[in-house]
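Shown next, in C-alpha cells, is the structure this report addresses.
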Amino acid sequence: LAFPVASACPPSFVMSRLAMLVLALVAAPSVAFAPSVRHSWAGQRHSAGRSILASSTEAPDVSTAPSENPTECKFEELSYFYGQVKVQIGEGFKPMTEVFNPSWPDDNDDKAPSNLCVVELPMPLGMIIEESLTLEEKIQVGEVKPGSNAEKAGILPGDVVRAVTAQKLQPPAMGMAQEQVKVKKAIYICDGNGFAGAMSALATNSEANSGTGRVGLVLERRA
C-alpha cells in the first residue's frame, strides 16, 4: 500500500467555506492519496479545550504502548524533543511506528520546543484544519467547535496535525466474490502533502467510506 510519507479566503466566503470543510470531514469521497493543490482557510480561533500535561525528563517507551490509542490528548513535557510515536491503526493490524522532527527550532537545551501525542476520536471531528501560515508544509488546527469530539479529546487551535490514520479498499480480483474486498490501513503523513491530501485521508475513516467512523491523529503542540 503506497501511502505518501514522511491564502486566506475573503470574508464573504467564510461561512460557506466553513460549512464545506466541516461537511468534508464527514462525507468527502475516498480518493487517491496524492499531493494536490494547496488550500487554506483562516478560521476564527477559540481557546476552548482541555489537555493533560505530564512532566517527565525521560522519553516514553513506545515498545509498551497501549493496544488502543488514547482518547484524550496527553503531551509529555520533556527536556528534549522525542519524535517517535506508535499508532494503533485498527483491529487485526500491527501498530505502526513513525519518527518526526520538531516543527519549531530546537534551540533550547533545557526544554523541548514542542511535544507529540497520539489521540483517537470519533467522527465528525468538529474542527477546521488549514495549511499553516507560519510553519512550512504543515497542517494546523484552525478552529475547534465547542462541545465537539475534538474539544472533548483536548485538541486546541494551533495544534499541528502531523499524521492521521487512513484506509484503502482493495477490490477483489476478477472472478472473486465481492465479500473478499480487502481493507488496507496505514498512517498518512500530512507534512508536505497539502490540505486536500489531509482531508482525503481523514475522509477514508468515515462510515460513508466503509470506515470505522474513528480516526487516529498524531498531534504536535508547542511547549
Review point. Any donor-acceptor pair under 3.5 Å linking the side chain of Thr165 with the backbone of Ile187?
Key: no
Point to revise | Linked, directly or transitively: Ile89 and Val85 (ILVMFWY side chains, under 4.5 Å) | key: yes
Review point. Is there side-chain contact between Asn149 and Leu125, with heavy atoms separated by less than 4.5 Å?
Key: no
Review point. Do you know which two heavy atoms are closest between Gly147 and Glu151, and how far apart they sit?
Key: N-OE1, 2.6 Å
Practice item. Can you see which heavy atom on Val215 is nearest to which on Met123, and at what distance? Key: CG1-CG, 4.3 Å
Exercise for review: Please report the closest heavy-atom contact between Phe100 and Ala163, naming both atoms and the distance.
Suggested key: CZ-CB, 3.9 Å
Check your understanding: Just by distance, do the side chain of Gln140 and the backbone of Gly158 share a donor-acceptor pair under 3.5 Å?
Key -> yes
Exercise for review: Evaluate side-chain contact (heavy atoms from CB on, under 4.5 Å) for Val118 paired with Arg162, printing each intermediate quantity in order.
Suggested key: CA-CA 10 Å; Val118 176; Arg162 302 298 302 269; over 6 Å; no
Exercise for review: Provide the closest heavy-atom pair for Lys111 versus Asp106 in the form atom of the first, atom of the second, distance.
Suggested key: O-OD1, 4.5 Å
Check your understanding: Does any non-hydrogen side-chain atom of Leu202 lie less than 4.5 Å from one of Tyr188?
Key -> no
Check your understanding: What is the distance from atom SG of Cys73 to atom CG of Leu156, rounded to the nearest 0.5 Å?
Key -> 7.0 Å
Review point. Only one of Lys86, Glu120, Gln88 forms a side-chain hydrogen bond (donor to acceptor under 3.5 Å, both in side chains) with Asn69, so which one is it?
Key: Glu120
Point to revise | Pairwise distance OH(Tyr82) to CG(Leu116) - rounded to 0.5 angstrom | key: 10.5 Å
Exercise for review: Using the test side-chain hydrogen bond (donor to acceptor under 3.5 Å, both in side chains), find all partners of Ser114 that sit at least two apart in sequence or belong to another chain.
Suggested key: Glu220
Review point. With no hydrogens and no angle check, is any side-chain donor or acceptor of Ser200 less than 3.5 Å from a backbone partner on Gly197?
Key: no
Exercise for review: Check for a donor-acceptor pair, side chain of Asn108 on one end and backbone N or O of Asp110 on the other, with a separation under 3.5 Å.
Suggested key: yes
Review point. Do Val218 and Glu98 have side-chain heavy atoms sitting under 4.5 Å apart?
Key: no
Check your understanding: Under 4.5 Å between side-chain heavy atoms, hopping through other hydrophobics if needed: is there a path connecting Ile189 to Val160?
Key -> no
Study note, to complete from the structure: Smallest heavy-atom separation, Phe93 atom then Val183 atom, equals CZ-O, 3.3 Å
Point to revise | Point-to-point distance, once rounded to the nearest 0.5 Å, from OG of Ser206 to CD of Gln167 | key: 8.5 Å
Review point. Do Lys138 and Asp191 have side-chain heavy atoms sitting under 4.5 Å apart?
Key: yes
Study note, to complete from the structure: Taking every heavy atom of Pro113 against every heavy atom of Pro105, the minimum-distance pair comes out as CB-O, 3.3 Å
Check your understanding: Looking at side-chain heavy atoms only, is the closest gap between Val161 and Leu219 below 4.5 Å?
Key -> yes
Exercise for review: With rounding to the nearest 0.5 Å, note down the distance linking CD in Glu130 to CZ in Phe195.
Suggested key: 9.0 Å
**Study point:** Leu121 side chain near Leu217 side chain, heavy-atom distance below 4.5 Å
**Key:** yes
Review point. Any side-chain heavy atom of Glu137 sitting closer than 4.5 Å to one from Ser132?
Key: no
Review point. Is it true that a side-chain atom of Glu143 and a backbone atom of Met127 form a donor plus acceptor pair closer than 3.5 Å?
Key: no
Check your understanding: How would you list, by chain and number, every residue that makes a side-chain hydrogen bond (donor to acceptor under 3.5 Å, both in side chains) with Asp159, sequence neighbours excluded?
Key -> Arg221
**Study point:** pair Lys152-Val144: side-chain heavy atoms closer than 4.5 Å
**Key:** no
